[in-house]
2 protein chains.
Amino acid sequence: MQISTKGKYAVRAILNIAHHPKETPVSLAAISKEEGISLLFLEQIFQSLRKGEIVRSLRGAHGGYVLARDPSDITIGEIVRLLEPPLYTSSCFSKHEAVDDCRIADSCLGFVLWKQLAELVDGFLDSITIADMVTQARPEVVYSLRVKSNRMLPEKARKETSPEPLEVV
Amino acid sequence: MQISTKGKYAVRAILNIAHHPKETPVSLAAISKEEGISLLFLEQIFQSLRKGEIVRSLRGAHGGYVLARDPSDITIGEIVRLLEPPLYTSSCFSKHEAVDDCRIADSCLGFVLWKQLAELVDGFLDSITIADMVTQARPEVVYSLRVKSNRMLPEKARKETSPEPLEVV
DNA sequence: AATAAACTTGACTTTTTTAGTCAGGTATCT
DNA sequence: AGATACCTGACTAAAAAAGTCAAGTTTATT
């Protein structure tokens, strides 16, 4: 269970754009250079982002991409879903068998388990907006994010993670 | 982001064993037949499960596998981790770069994000034991599991999932 | 109008991972 | 002794992920 680089690159690239003034288009060439991601790969990723209405493109000289919506209206979940196969399509059997076709869904425990996991992940990623991540440059905000998401963890895990110091400066 | 069939098969196979009387060994041939999973593939999976001390093997005629520990002491998370690359090793860049080596961890927002996601997932999977899943054959118990895990979801997702009927009979 | 910057498209290749197989064992019960 | 069933490590095929390429189109600027 891994997040693909495509999804991770997409989030990084969007964050990069979000750190620029609202109406300034950012070229892929610039993102490629700053983030160390292949330009050609970025182009591919941005086709998905554009179709998903996360970004708008401005062609021509000094063109580039801007966010299509307010940062507070774009969630990490939305971005990730555009670039990765969804977790919730995996039934308890092969991944080619969609959840709804599961041959034993009615009596299948795995079904419920993986579905709940998918809901948990989507819920978490949908609860975090680009705006959250941008303001997060300051430590006190990072902390509040940490506490907020920590609230979602089961007791066992919560206990273990709480005493940890902040990782972000 | 997908769970591999290996992980899903492992959980199913363990559940199958858990449904048999405590000391009766269950052969892979039987599991293969009942669950429709290739015998050779099961053998491979069970090597990992044995090394991870989830099951014990009993060789010879009428042999097979039994759980190495009490079902209430085996979590889904443990099983999944034995068979899949861990989510938390993926930094915000390539998956080959371990979290601890992340070149910009200090100032990296993705770092915090993916790490928290990994903690969430592990927390969820570690909160569910094989014993939970076995008793879950009865609806009222399913419901309690649902409520329990639902508690971990952020508000937005919680609202959406709550009214749904139970999927399991 | 010409030019250059920058996006657009779809197909293509390479690499890695996943899924599954195989052969040739070893242990143990009856 | 023979059958059952686990054990081991290497192997292969198929799919997915990651990355590349070529040949465009669009538009700001000069």
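A, B, ... follow the sequence lines: proteins, then strands. Residue 1 opens every chain.
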| query | Out of dC22(C), dT18(C), dG19(D), which nucleotide sits closest to the side chain of Leu40(B)? | reply | dC22(C)

| query | So do the side chains of Met133(A) and Ile76(A) get within less than 4.5 Å of each other, counting heavy atoms only? | reply | yes

| Under 4.0 angstrom between Tyr65(B) side-chain N/O and dC7(D) OP1 or OP2 | yes

| request: With DNA chain D as reference, determine whether Gly7(A) or His62(A) sits nearer its 5' end, using the nearest nucleotide of each. | output: Gly7(A)

| field | N/O donor-acceptor pair under 3.5 Å between Glu84(A) side chain and Ser4(A) backbone | value | yes

| Are Ser4(A) and dA18(D) close enough that a side-chain N or O sits under 4.0 Å from OP1 or OP2? | yes

| said: Does a side-chain N or O of Gln47(B) approach OP1 or OP2 of dC6(D) to a distance below 4.0 Å, or not? | reply: no

| Is the backbone N or O of Ala13(A) less than 3.5 Å from a side-chain atom of Asn16(A), with the two atoms forming a donor-acceptor pair by type? | no

| Taking everything shown except Glu53(B) itself, do over 12 heavy atoms lie less than 6.0 Å from its CD? | no

| In residues 53-61 of chain A, what residues come within less than 4.0 Å of DNA chain D, judged by heavy atoms? | Arg59(A), Gly60(A), Ala61(A)

| Once you round it to whole Å, what is the distance between C1' of dA5(D) and CG of Leu42(B)? | 13 Å

| query | So, do His20(A) and Val66(A) sit near enough that their side-chain heavy atoms are less than 4.5 Å apart? | reply | no

| remark: Checking dA19(C), dA17(D), dT20(D) against the side chain of Phe41(B) (C-beta onward), the nearest is dA19(C)

| request: Please work out whether the ring planes of Tyr9(A) and Phe41(A) are parallel, tilted or perpendicular, with thresholds of 30° and 60°. | output: perpendicular

| said: I want to check one thing: is the phosphate of dA18(D), taken as OP1 and OP2, less than 4.0 Å away from some side-chain N or O of Gln44(A)? | reply: no

